[in-house]
Asker: 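Please see the structure below; I have some questions.
Here is how names work: the chains are called A, B, and so on, in the same order as the sequence lines, proteins then strands, and each is numbered from 1. As a basis for the values below, the full set of heavy atoms in this structure was taken, side chains included, without hydrogen atoms, waters or symmetry mates. On a predicted model such as this, the values are computed, not experimentally measured, just so you know.
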There are 2 protein chains.
Amino acid sequence: MPPVSVESAAERGIPDAAVARLPGYLRALDTMTASGIASVSSEELAVEAGVSSAKLRKDLSHLGSYGVRGVGYDVSHLRYEISRALGLTHDWPVVIVGMGNLGRALAQYGGFEQQGFSVVALLDHDPEVVGQRVGDLVVQPMTVLPALTGSGVVIGVIAAPAQAAQDVADALVGAGIGSILNFAPSAVNVPDGVQVRRVDLASELQILAYHEQRRVESAESGAPADGTAASASARTVGVAR
Amino acid sequence: MPPVSVESAAERGIPDAAVARLPGYLRALDTMTASGIASVSSEELAVEAGVSSAKLRKDLSHLGSYGVRGVGYDVSHLRYEISRALGLTHDWPVVIVGMGNLGRALAQYGGFEQQGFSVVALLDHDPEVVGQRVGDLVVQPMTVLPALTGSGVVIGVIAAPAQAAQDVADALVGAGIGSILNFAPSAVNVPDGVQVRRVDLASELQILAYHEQRRVESAESGAPADGTAASASARTVGVAR
DNA sequence: TAGATTGTTAATCGATTAACAATC
DNA sequence: TAGATTGTTAATCGATTAACAATC
């Protein structure tokens with residue numbers, strides 16, 4: 001039997017829940033770098049990132065062993081290792097499709113560049129919109145997609161309306177895009193192997209509404225209610241005297 | 001011992017993971033309503049929402065028992081029950097703080113209104129921005145916050161830059177806001193009982209980058225690699241001949 | 001060495017899945 | 001009734017947490 005290759009923790013893959021928290025650790029380390037902090041304990045970094053120190057150490061253990069017992073972590077070295085684990089040792093070119101309000105805002109957002117991404121193309125289906133200037137780029141037609149993927153673009157952002165989202169996703173996948181960030185308020189179907197993450201503003205608000213409603217309900221059953229939502233807000237929780 | 005009140009599933013609380021999927025079911029039901037479909041099976045609805053039918057039925061079981069064995073679910077009734085569980089039987093007024101690119105895009109997004117929310121106020125810290133018109137509203141100063149919460153606003157959206165996010169959060173919480181949707185690329189600390197959900201565009205892209213990187217790595221070890229990211233994209237995965 | 005803090009273990013908890021009895 | 005599909009159960013899986021041995 002040929003020897004099976006021994007995989008490191010990183011090669012075996014990091015649990016999804018841990019991957020989702022790594023960007024937060026990166027951001028916390030950047031904040032600390034800006035404050036001139038060179039070394040941190042798991043406890044300090046956990047507070048800055050808003051997690052427990054046990055969870056932080058467990059998450060970092062999936063990348064390797066980059067701390068020093070009794071001392072802590074070197075900020076810049078840990079930052080590098082997390083960047084590397086996330087694949088951010090080089091910039092990723094990104095294409096945004098759909099130049100409505102949201103697409104234009106994303107195109108000019110600027111927050112991507114400093115985080116390891118560069119918006120290299122803006123596309124729109126509408127001939128009226130093609131040719132317009134948005135920020136530093138000129139909007140191009142959908143037909144340029146294959147050329148973009150040919151030159152190495154693998155991440156696409158859908159900022160089109162819900163009814164167009166599936167068509168855009170099909171076009172992206174057809175051209176060879178492997179990862180999609182979907183801002184349209186609808187689910188899109190893609191073949192296995194293509195990654196889709198969805199950012200849905202209305203869903204996020206609905207989840208908050210659920211918790212606000214529970215607050216109102218518990219106030220109504222547990223305490224004299226006056227029927228207004230405001231009465232159940234945080235500042236009024238407590239024992240009346 | 002006095003009898004303990006018997007709580008229904010809804011009163012006991014719906015698991016977080018299930019709550020997070022309810023908006024997707026709602027959206028799928030709306031799509032079906034628009035197509036004139038009056039009744040669905042868990043299998044059909046699950047496909048539309050992009051989950052397994054077992055998960056869908058399990059999730060719905062937390063709300064109560066609104067299906068008919070052998071038949072399925074009445075689309076409009078199920079829609080109503082999910083709306084009710086999420087607290088969407090009335091509109092929730094929302095305040096957006098921060099009128100940069102993103103805040104303006106959110107203010108004019110329109111997607112909130114149809115989903116049970118109405119943007120009732122836009123605030124900004126900058127006196128130059130206060131008084132400007134954005135969509136149908138005029139930007140107001142931060143000082144109006146207490147008046148807004150007094151009139152029943154309990155949900156706030158932070159669209160301010162990272163360095164201002166904590167100050168905005170403090171102002172929101174201080175005025176009595178109970179739920180916050182944070183678009184700033186930083187974590188904010190709030191007292192227990194205040195809900196915060198964060199939408200971080202760069203984090204989402206970083207998570208996609210992780211998966212793209214793994215794709216490249218596995219292509220390099222498992223197949224002859226040519227060193228370009230494009231070679232590892234979905235369309236080229238497979239056995240060369 | 002004594003004190004501090006990591007990395008890991010094991011226990012607990014919550015979420016997912018498959019299967020099927022209940023029942024329309 | 002026969003066929004279909006729900007709602008629930010039990011098994012599995014993955015994530016979280018607390019505790020502590022390893023070790024700087």
Asker: Which residues pass the salt bridge (charged side-chain N to carboxylate O under 4.0 Å, His left out) test with B/Arg57, sequence neighbours left out?
Answerer: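 Partners of B/Arg57 under the salt bridge (charged side-chain N to carboxylate O under 4.0 Å, His left out) test: none.
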Asker: Does the side chain of A/Ser76 come under 3.5 Å of the side chain of A/Asp74 through a donor N or O and an acceptor N or O?
Answerer: yes
Asker: Which pairs pass salt bridge (Lys or Arg N to Asp or Glu O under 4.0 Å) with one or both residues in residues 25-37 of chain A, sequence neighbours excluded?
Answerer: A/Arg27-B/Asp200, A/Asp30-A/Arg79
Asker: Pairs counted as Watson-Crick or G-U wobble with both distances under 3.5 Å: what dot-bracket string results for DNA chain C, using | for bases tied to another strand?
Answerer: ..||||||||||||||||||||||
Asker: Expressed as a whole number of angstroms, how long is the span from A/Leu56:CG to D/dA18:P?
Answerer: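 In whole Å, D/dA18 P and A/Leu56 CG are 15 Å from each other.
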Asker: Name all pairs fulfilling the salt bridge (Lys or Arg N to Asp or Glu O under 4.0 Å) condition that reach into residues 168-179 of chain A, sequence neighbours left out, sorted by first residue then second.
Answerer: none
Asker: List for me each residue that meets ring-ring contact (aromatic ring centres under 6.0 Å, His included) alongside B/Tyr80, sequence neighbours excluded, and say none if there are none.
Answerer: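 ring-ring contact (aromatic ring centres under 6.0 Å, His included) list for B/Tyr80, sorted by chain: empty.
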Asker: According to salt bridge (charged side-chain N to carboxylate O under 4.0 Å, His left out), who are the partners of A/Glu48, at least two apart in sequence or on a separate chain?
Answerer: none
Asker: Taking salt bridge (charged side-chain N to carboxylate O under 4.0 Å, His left out) as the test, write out the residues that go with A/Glu44, two or more places apart.
Answerer: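 For A/Glu44, no residue satisfies salt bridge (charged side-chain N to carboxylate O under 4.0 Å, His left out) once neighbours in sequence are set aside.
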Asker: My understanding is that only residues two or more places apart in sequence, or in another chain, count here; which of them pass side-chain contact (heavy atoms from CB on, under 4.5 Å) with B/Ala105?
Answerer: A/Ala105
Asker: Side chains of residues 175-186 of chain A: which donor-acceptor pairs under 3.5 Å do they make with residues two or more places apart or in other chains?
Answerer:
from, atom 1, to, atom 2, distance (Å)
A/Ser179, OG, B/Glu212, OE2, 2.8
A/Asn182, OD1, A/Ala184, N, 2.9
A/Asn182, ND2, A/Ser186, O, 2.9
A/Ser186, OG, A/Ala162, O, 3.4

Asker: Can you name the salt bridge (charged side-chain N to carboxylate O under 4.0 Å, His left out) partners of A/Arg69, sequence neighbours left out?
Answerer: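 Listed in chain order: nothing, the list is empty.
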Asker: From OH of B/Tyr66 over to P of C/dC24, roughly how many Å is that when rounded to an integer?
Answerer: 17 Å
Asker: Would you tabulate the nitrogen or oxygen pairs shorter than 3.5 Å linking the protein to nucleotides 14-17 of chain C?
Answerer:
from, atom 1, to, atom 2, distance (Å)
C/dT16, OP1, B/Arg21, NH1, 3.1
C/dT16, OP2, B/Arg21, NH1, 3.3
C/dT16, OP2, B/Arg21, NH2, 2.8

Asker: Using atom names, set out every protein N or O paired with an N or O of nucleotides 2-5 of chain C below 3.5 Å, distance rounded to 0.1 Å.
Answerer:
from, atom 1, to, atom 2, distance (Å)
C/dT5, O4', A/Gly70, N, 3.0
C/dT5, O2, A/Gly70, N, 3.2

Asker: Within this structure, what is the CG-to-P distance between A/Asp74 and D/dC24, rounded to whole angstrom?
Answerer: 17 Å
